[in-house]
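The sequence lines fix the lettering, A, B, ..., with proteins before strands; numbering per chain opens at 1. For the numbers below, each heavy atom of this structure counts, side chains included, while hydrogens, waters and symmetry mates do not. What you see is a predicted model, and the numbers here were worked out from it, not measured in a lab.
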Amino acid sequence: MDQFLQILINGIQLGSVYVLIALGYTMVYGVLRLINFAHSDVFMVGSFVGFYACGWLKVSAQKTVFAGLVQLLPVLFIAMAACVLLGLLIERFAYRPLRRAPRLTALITAIGVSLFIEGAAQLPFVFGVNPKFYPEILPSGPDSTIQAGGITISKHQLVMVVVSAILVAVLWYIVQKTKMGKAMRAVSHDFDAAGLMGIPTDNVIAFTFSIGAALAAAGGVLFGGLTFKSLLPLMGVQMGLKAFVAAVVGGIGSIPGAMLGGLLMGISESFIKGAPHIKFGTTDFDPSRWTDAVAFLILILVLLIRPAGLLGKNTPEKV
Amino acid sequence: MNNTVRVGWMSALAVATLVSIGVGGCKAPKDGGAAGETSTKATQNLDVKTIKVGEFSSMTGETATFGQESDAGIQYALAEINAAGGIEVGGKKYPVTVELQDDQSKAEEAKTVAVKFASDADIVAVLGEVASSRSKTAAPEYQRAGIPMISPSSTNPDVTKVGDYIFRVCFIDPFQGYIMAKFAKDELKLTNVAVLRDPSQDYSVGLADAFIKEFTGMGGKIATDVSYKASDSDFRSQLGQVKNANADGVFIPGYYGEVGTIARQAREIGIKAPLMGGDGWDSSELVKGAGGPGGALEGSYFSTHYSASETSKRVQDFVAAYKKAKGTEPAALVAQGYDAMMILADAIKRAGSFERAKVRQALAETKNYDAVTGRITLDENRNANKSGVVVQIKGDKFVYTKTIEPKQ
């Protein structure tokens, strides 16, 4: 039972990063019907900007979690601001000129933008290809964990989940309670009609891109700063792929769907990794080798049973 | 057309595209040129003023320190050879040049470089790679073209099985697994060890299997054997299994890029057992990823090819000379790069020719060469038969602990 809870907690932490990235995919899809492949690279750029921000702000090891959080916030803010700028640039120069072009054109462009950012990031004068490690933003190590029965929760995990939850709450508020959110929902509902009603669709789309980019950047900083993972220019590919699958599983275009899908992906991944070997006679099956396969298996099953995703709307196209 | 159908179809297309981008390069080549395949051998230009050697190395990317350290050793050897006027061939001294190509720590790039080198008529031999997967991917090209390739430090047995032109100057994983198993059993007195492996790396799988075979053969027990992916960020679920299995040691045959992350998460969830690894840990960046000196890897052990703190005269002379020239202590990969270049130079001299086939023959006959990393004899499988060392991580230093001799 302890182990079950432990794996569940690990899964929620992993899922929280997927959620942050998946939201960006799903929101852009919602307003533009475009899968923004460059999104995973915005996540990577966010992580790197956060790393450099740690250098500029002289982040150092702290004794308490509170002091660590005080350091984390400006880093998060800088990374999010930089990525909002990047998101707006991508939207303005890559997608806006193709607004009336066939959907496939925009999709191929998105892949192009993604490859461009990945290639540019590997240049020695941009980020370079050597792995980088965040300095210690929050105190880490065995002393900064919470023990509850047989469960160990690192404060890093806790901070990740809480910060993600706050960001998602802010997003929910923006989408449901503000005028801009209302406009977003209107554009998502019917792009042309929204334009006819006087909604500045271009601004709404730009705003959607910037929110998505900010969330991805936050995900990048949390990922880089709190999982001890090395930063590489191609780190976005793996995370982006999983988050994209999460968005599709949840129902692309649906914000609650992205959250559900992200958590589902994180938790299922965690359980597969933590599953013990299965032995059939002499064959020894190690489930932890099949984490990615299971992610795609879930995708296939969901698409077979509910083609629009778990929470997606099944709307027939009106002719 | 129903809108939902289109969504599903487009997502499937998109996923397929991404998957093909993401994993396209991981496939191991199945077309390894068999020994004796002579019909496609490239022609060589023998009318040259310098001896040209190709080097493919991971100067950047995930395992960048491997390539950089290996290259430092090769360059140091090159300077020494050229300071003496070059290599004597047929009564005349020829200077040596090394053309370095970066493979960005990617197997597909190593292949691209190999195709390029294979079509270069001036190249006599090729040095590289450190990581086994990349050596193995590039080797068939050199075998096909008939260019001798010497890997300074790829330890997976399959690398030299590609063909008779592929050599290495280091020991192979079955022996490395034996080193760590013996050390764990005899020195650390461990009985129940957990193994964490990365199934996408030939090196990791080969070493994990070798360790398990040797350790269980000595009467030890494997607590659990779990897999991870180097690009993952969360290893806690696998580590949870290790903890629940009550392992008294953890063997992680991975590369330095992910080992630090794994070690930190292991310590956080309360695994206090000693951590052990192989030569994939041997990097100046290793400790950085584990939270700095005194961090999660403090006191851990790994097996490697040589240690700068070994007491033998050959090693100490090399360390002193290198320190004087470069100001830093030579890491194991530096010593191996140096040995690879020196053994090649020795072979060209003995062959008395630049001709690739003759150089290959001379390489195969290398016997009792007094290298920095040990006395090297290349056996019939073109592998070096020599001893290995175990080092312990203390601060940011790797301290020599024990030498393990080859099995008789």
Which bit of [X] is near chain A, if near means a heavy-atom gap under 4.5 Å: side chain, backbone, both or neither?
X	value
B/Ala230	backbone
B/Asn244	side chain
B/Lys229	side chain
B/Asp198	neither

Any heavy-atom pair between the side chains of [Y] and [X] that's under 4.5 Å?
X	Y	answer
A/Leu234	B/Lys106	yes
B/Thr261	A/Ser230	no
A/Lys273	B/Gln241	no

Which value, rounded to the nearest 0.5 Å, describes the distance between [X] atom [atom1] and [Y] atom [atom2]?
X	Y	atom1	atom2	result
B/Gln265	A/Asn10	CD	CG	8.5 Å
A/Ile272	B/Gln238	CD1	CD	11.0 Å
B/Asp232	A/Asp292	CG	CG	7.0 Å

Given heavy-atom pairs under 4.5 angstrom as the criterion, report whether the side chain, backbone, both or neither of [X] touches chain B.
X	result
A/Ala61	neither
A/Phe133	side chain
A/Tyr134	neither
A/Ile153	neither
A/Thr152	side chain

Does any N or O in the side chain of B/Ser227 come within less than 3.5 Å of the main-chain N or O of A/Ser288, such that one atom is a donor and the other an acceptor?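 Absent.
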Closer than 3.5 angstrom, by distance alone: can the side chain of B/Ser237 be matched with the main-chain N or O of A/Gly274 as a donor-acceptor pair? no
Please determine, among A/Met235, A/Gln157, A/Glu269, the option with the most heavy-atom pairs under 4.5 Å with chain B. A/Gln157
How about CZ on A/Phe285, more than 12 heavy atoms from neighbouring residues, nucleotides or ligands closer than 6.0 Å, or not? yes
Around B/Lys116, counting heavy atoms of other residues, nucleotides and ligands shown, do more than 12 lie under 6.0 Å from its NZ? no
Taking B/Arg264 first and then A/Glu136, would you say they form a salt bridge - that is, a charged N and a carboxylate O separated by under 4.0 Å?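 Between A/Glu136 and B/Arg264 there is a salt bridge, with a charged N closer than 4.0 Å to a carboxylate O.
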Do A/Ser154 and B/Glu268 have side-chain atoms, one donor and one acceptor, less than 3.5 Å apart?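 Yes, side-chain donor-acceptor contact under 3.5 Å.
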Among B/Thr224, B/Val226, B/Thr63, B/Asp225, the residue with the most heavy-atom pairs under 4.5 Å to chain A is B/Asp225
